[in-house]
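Read the structure below first, then the notes.
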Amino acid sequence: MSEQVEWSEPEAVAAAVSAPVTPADTADAARLVAFGLQPKTQPARDQEYAELLRRYREDPPFARLADAVATGLGLVVLEVSPRAGMAVTAAEDSVFAVRMGDYARRASADSGDRFLHGLAHLAVAALAFPRPEDLADDGYIGRVSVNGVDAFVRQACRRLEERAEEQGENTDPATDAPGLEAAWRIWARRSSAGATKDARRLAGSTTGIVGKAAAFLTDSGFLQRTGDDAGGTYRTTARYQLQVRDMAGSAALAELLELGVVPVTDGTASLMPPDDTDDLELAADAGLPFHS
């Protein structure tokens with residue numbers, strides 16, 4: 001029997017902990033974190049990535065080293081697994097942080113449009129994972145469409161308008177006021193599609209804004225485009241599920257879900273239309289992903 005097998009478990013752990021960290025170990029740990037910052041790279045298609053993930057799971061000192069490298073870069077490790085790879089998100093003060101304000105400013109110089117871009121991202125997350133069970137189930141795949149997200153937000157706008165009327169608060173707030181109460185008025189007044197002279201979707205239309213959000217999420221490895229129907233259809237990735245889990249406690253997302261446009265059900269269907277859809281003007285061919 002070899003000496004290694006004869007060690008007791010505490011002795012083996014102590015030996016592993018005391019093993020010196022080599023420059024090669026540090027380079028490998030940094031390489032793994034680098035893979036985590038390449039959201040479109042999949043472990044199943046990259047042998048080096050898969051091997052580093054295996055080492056992370058089987059070698060606790062290496063895992064701690066990789067975690068330390070991530071922390072030093074201002075990253076939070078959400079999960080390390082074959083399905084998600086090394087899924088990381090940037091802390092607020094990280095150089096890798098992509099702030100919604102920066103994203104919206106790049107998308108539009110208009111402050112009202114910045115609200116719309118933020119609302120589009122909230123709506124995609126709410127439609128992709130409308131129930132707690134969906135977020136908790138690692139095997140769940142959400143599906144959304146551009147027109148479906150636009151229709152969902154317009155339904156939410158109707159609910160917000162009704163709520164404002166009931167509370168006697170149906171007066172226009174300043175367009176730069178925070179919260180959904182300001183954003184719904186801007187969205188409801190904006191053209192759903194519109195078109196340029198060559199029939200392209202207007203970037204400033206609500207479906208144009210949703211399309212830009214979906215493209216950004218696709219480039220970030222959070223969504224995968226599956227077709228062109230309903231303005232563009234998408235499926236969620238494991239990385240996006242982890243990201244939405246991380247933001248699930250946000251007040252804005254909770255407020256959007258609490259409107260009841262996508263009610264929590266008994267599990268027989270992931271998405272159900274509201275009771276009073278007959279008088280709502282939904283986007284043409286909305287393609288809301290009602291699945292059983």
Side-chain angles (χ1 to χ4, degrees), residues 21-107 117-118 120-122 124-125 128-129 135 138-144 146 210-227 232-248:
V21 175
T22 68
D25 292 331
T26 304
D28 285 346
R31 180 66 175 154
L32 178 57
V33 174
F35 275 120
L37 290 169
Q38 302 172 55
K40 289 188 176 182
T41 303
Q42 299 179 12
R45 298 180 179 178
D46 191 297
Q47 185 175 356
E48 182 187 6
Y49 194 2
E51 175 58 28
L52 289 171
L53 287 175
R54 183 200 62 76
R55 185 177 176 188
Y56 182 98
R57 298 193 307 275
E58 298 177 1
D59 185 348
F62 178 74
R64 288 192 294 271
L65 181 59
D67 289 344
V69 171
T71 300
L73 293 172
L75 300 171
V76 177
V77 179
L78 300 177
E79 181 178 305
V80 180
S81 67
R83 79 180 188 108
M86 185 166 198
V88 296
T89 187
E92 186 175 352
D93 58 350
S94 172
V95 67
F96 297 103
V98 178
R99 294 171 176 79
M100 181 54 68
D102 296 336
Y103 161 81
R105 276 191 291 274
R106 290 198 300 269
H117 283 280
H121 277 269
L122 283 173
V124 171
F129 304 103
L135 272 181
D138 287 346
Y140 181 85
I141 296 175
R143 292 176 172 82
V144 298
V146 169
V210 175
K212 186 172 183 63
F216 173 80
L217 291 171
T218 300
D219 290 341
S220 301
F222 295 136
L223 297 179
Q224 293 176 347
R225 189 176 178 104
T226 57
T233 55
Y234 300 82
R235 57 178 284 171
T236 60
T237 65
R239 183 179 290 263
Y240 189 50
Q241 186 180 50
L242 293 170
Q243 194 78 11
V244 176
R245 281 179 188 170
D246 191 54
M247 66 174 284

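All values below were derived from every heavy atom in this structure, side-chain atoms included, with hydrogens, water molecules and symmetry-related copies excluded. Counting begins at 1 with the first residue of the sequence.
Under the side-chain contact (heavy atoms from CB on, under 4.5 Å) criterion, T218 pairs with L223, Y234, not counting sequence neighbours.
Checked against D219 for a salt bridge (Lys or Arg N to Asp or Glu O under 4.0 Å), the options K40, R225, K212 give a single hit: K40.
Sorted by first then second residue, the ring-ring contact (aromatic ring centres under 6.0 Å, His included) pairs that include residues 30-51, not counting sequence neighbours, are F35-Y49.
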Apply the test side-chain contact (heavy atoms from CB on, under 4.5 Å) to residues V88 and L73: give CA-CA distance (whole Å), side-chain angles for both, the deciding distance (0.1 Å), then the verdict. CA-CA 11 Å; V88 296; L73 293 172; over 6 Å; no
Starting from the C-alpha separation in whole Å, work towards a yes-or-no answer on side-chain contact (heavy atoms from CB on, under 4.5 Å) for Y240 and V124. CA-CA 11 Å; Y240 189 50; V124 171; 3.5 Å; yes
Would you check, one step at a time, whether the test side-chain contact (heavy atoms from CB on, under 4.5 Å) holds for L78 with R239? CA-CA 9 Å; L78 300 177; R239 183 179 290 263; over 6 Å; no
Would you check, one step at a time, whether the test side-chain contact (heavy atoms from CB on, under 4.5 Å) holds for R55 with D25? CA-CA 11 Å; R55 185 177 176 188; D25 292 331; 2.6 Å; yes
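A donor-acceptor contact closer than 3.5 angstrom links the side chains of Q243 and T89.
Relative orientation of the F129 and Y140 rings is tilted, given thresholds of 30° and 60° on the angle between their planes.
T236 places no side-chain N or O within donor-acceptor distance of the main-chain N or O of I141, the cut-off being under 3.5 Å. With hydrogens and angles ignored, the 3.5 Å screen pairs no side-chain donor or acceptor of R31 with any backbone N or O of E48. Remark: the backbone N or O of T233 is not paired with any side-chain donor or acceptor of R143 at under 3.5 angstrom.
For the pair S81 and L53, the tightest heavy-atom approach, listed with the atom from each and the gap, is O-CD1, 3.9 Å.
One distance of note links NE2 of H117 with CG of L122; it measures 13.5 Å at 0.5 Å rounding.
No side-chain heavy atom of T237 sits less than 4.5 Å from a side-chain heavy atom of Q42. Counting heavy atoms from C-beta on, the side chains of D28 and E51 never come closer than 4.5 Å. Put simply, the side chain of Q241 does not reach to within 4.5 Å of the side chain of E79, judged on heavy atoms.
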